[in-house]
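All ligand and atom numbering here is 1-based and tracks the order in the structure.
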Amino acid sequence: MRILSGIQPSGKLHLGNYLGMMKQCVELQQKGETYIFIANYHALTTIADAALLRQNTMDVALDFLALGLDPEKTVFFRQSDVPEVQELTWLLSIVEPVSRLELAHSYKDKLAHGKEATHALFSYPVLMAADILLYQSDLVPVGKDQRQHLEITRDIATKFNLKFGETFKIPEAYIPEAVAIVPGTDGQKMSKSYGNTIQISGSPAEIKKAIMGIVTDCAPLEAPKDPESNNIYKIYKLLATPEQAEEMAKNFRAGGYGYGTAKKELLRLFNETFAPFRERRAELAAHPETVKEILAAGAERARKQARITLDKARAAVGID
Ligand code: ADP
Ligand code: TRP
């Protein structure tokens, strides 16, 4: 089984990225042949600052490696180091109607937030389909917000296969329901675009500020509180053992347990969970050359597979 996923280097990675996608990628390394890449072509739809893009790309690499991504097991690379993906994007774009792309939520959402409708933003799902199909992927671990992009990928692969003969495997999304959407500190979906994140590689002061700033109602300390309707518990539950979660829920229901105390407990658990990660990340950050070598070796392995699929697709359409 081949497992593939990508993440954009478009900002600091947060708990939503970790629980929604990165954790699954690291765990799935044991289950099959894994390909993980840093989607820097995609990030160009939001970042127009070369130095920032380079920095973010290194940050994502450090985060993934420190979280336990093993470059021996996993092919880990930068999207742009496999330019074959651009040619495949073109071949796929010939089967995808504009009307289908116009329905993409993430595209519509970006326009609704005032972003300009560039061609890159519009064709984003076709490049994503090429990322996935180029490696004949079976399983794609992503957060819930990427489900529609996976449907578009499956649609494109099916249409291409019908028109030109069997060329691509039809991939499946892998979205564990338990962590479908991680809430942010304000209760909306945690997202770097909403400024409501808890960054996994943030400084102790930044993490404390984010956690202590979680929005709650103003129920008095003595009042019994419904754990399921507060953000602290919702986030805590995602990191805690079932026993720890039950303990906090019981405390809330009993009354006399304040939000401040719960936030401190969440901060403690967050720091405990990510302490080994921070240590490994600091060690890796001291050796950027090693990280670059890992990405270069990954790109070389990825390109071999990419070439095979691209040649097959070229032959299918008649430009070999
Ligand atoms: P952001 O919304 O912060 O810009 P991205 O869109 O770059 O994050 O998402 C990267 C990956 O992390 C995707 O697979 C996405 O589905 C997942 N992800 C992002 N935010 C969350 C969240 N709040 N809950 C679950 N998964 C998330
Ligand atoms: N669109 C994804 C996101 O924003 C990133 C991505 C690009 C991706 N290509 C991919 C994810 C291929 C999985 C497979 O998170």
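- Only the side chain of M21 comes within 4.0 Å of ligand 1, counting heavy atoms alone; its backbone N, CA, C and O stay farther away.
- For the ring pair (Phe, Tyr, Trp, His ring centres under 6.0 Å) test with Y135, the passing option among F37, F168, F77 is F77; the others fail.
- Of the possible donor and acceptor atoms, one in the side chain of Q79 sits under 3.5 Å from a partner among the backbone N and O of N40.
- For atom 15 (C) of ligand 1, the nearest protein heavy atom (residue, atom name, distance) is D145 OD1, 3.2 Å.
- Atoms of ligand 1 lying under 4.0 Å from at least one heavy atom of V142, given by number and element, are 14 (O).
- Note: an N/O pair closer than 3.5 Å links K192 and ligand 1 by distance alone.
- Considering backbone and side-chain atoms alike, S191 places an N or O below 3.5 Å from some N or O of ligand 1.
- Tracing side-chain contacts under 4.5 Å through hydrophobic residues (I, L, V, M, F, W, Y), one never reaches L134 starting from I36; they form parts of separate clusters.
- Residue G143 has at least one nitrogen or oxygen atom sitting less than 3.5 Å from a nitrogen or oxygen atom of ligand 1, judged on distance alone.
- The main-chain N or O of M1 is never found under 3.5 Å from a side-chain atom of D138 such that the two would form a donor-acceptor pair.
- A cation-pi arrangement is absent between K312 and F164 under the rule of less than 6.0 angstrom and at most 45 degrees off the ring axis.
- Those atoms of ligand 1 with a heavy atom of G20 less than 4.0 angstrom away are 25 (C), 26 (N).
- Looking at residues two or more places apart in sequence or on another chain, you find a side chain to side chain donor-acceptor pair (under 3.5 Å) between R281 and D59, D63.
- Nearest heavy atom pair, residue L295 against residue A61, reads CD1-CB, 4.1 Å.
- Within 4.0 Å of ligand 2, protein heavy atoms belong to L4, S5, G6, Q8, F37, A39, H42, Y124, M128, D131, I132, V140, V142, Q146, listed by chain and number.
- Between the side chain of R314 and the backbone N or O of I319, at least one donor-acceptor pair lies under 3.5 Å.
- Defined by atom type and a distance below 3.5 Å, a donor-acceptor pair is present between the side-chain atoms of Q29 and T74.
- Of all protein heavy atoms, the one lying nearest to atom 24 (N) of ligand 1 is V182 N, 2.8 Å.
- On a distance-only criterion, S10 and ligand 1 share no N/O pair closer than 3.5 Å.
- With D320 contributing its side chain and D311 its backbone, the two residues share no donor-acceptor pair below 3.5 Å.
- Counted by atom type alone, Y41 and D131 present zero donor-acceptor pairs between their side chains at under 3.5 Å.
- Contact annotation for M22 and ligand 1: no heavy atom of the residue comes within less than 4.0 Å of the ligand.
- Remark: ligand 1 and Q146 share no N or O pair separated by less than 3.5 Å (distance only, no angle test).
- Ranking the protein heavy atoms by distance from atom 11 (C) of ligand 1 puts N17 ND2, 3.8 Å first.
- For I7, no nitrogen or oxygen atom sits less than 3.5 Å from a nitrogen or oxygen atom of ligand 1, counting backbone and side chain alike.
- Looking only at protein heavy atoms, the nearest one to atom 27 (C) of ligand 1 is G16 O, 3.3 Å.
- Seen from the ring of F270, K208 does not count as a face-on cation partner, given the 6.0 Å and 45° thresholds.
- Within ligand 1, counting atoms from 1 as listed, the ones closer than 4.0 Å to a heavy atom of M190 are 20 (N), 21 (C), 22 (C), 23 (N).
- In this structure, H14 contributes its side chain and G16 its backbone to a donor-acceptor pair below 3.5 Å.
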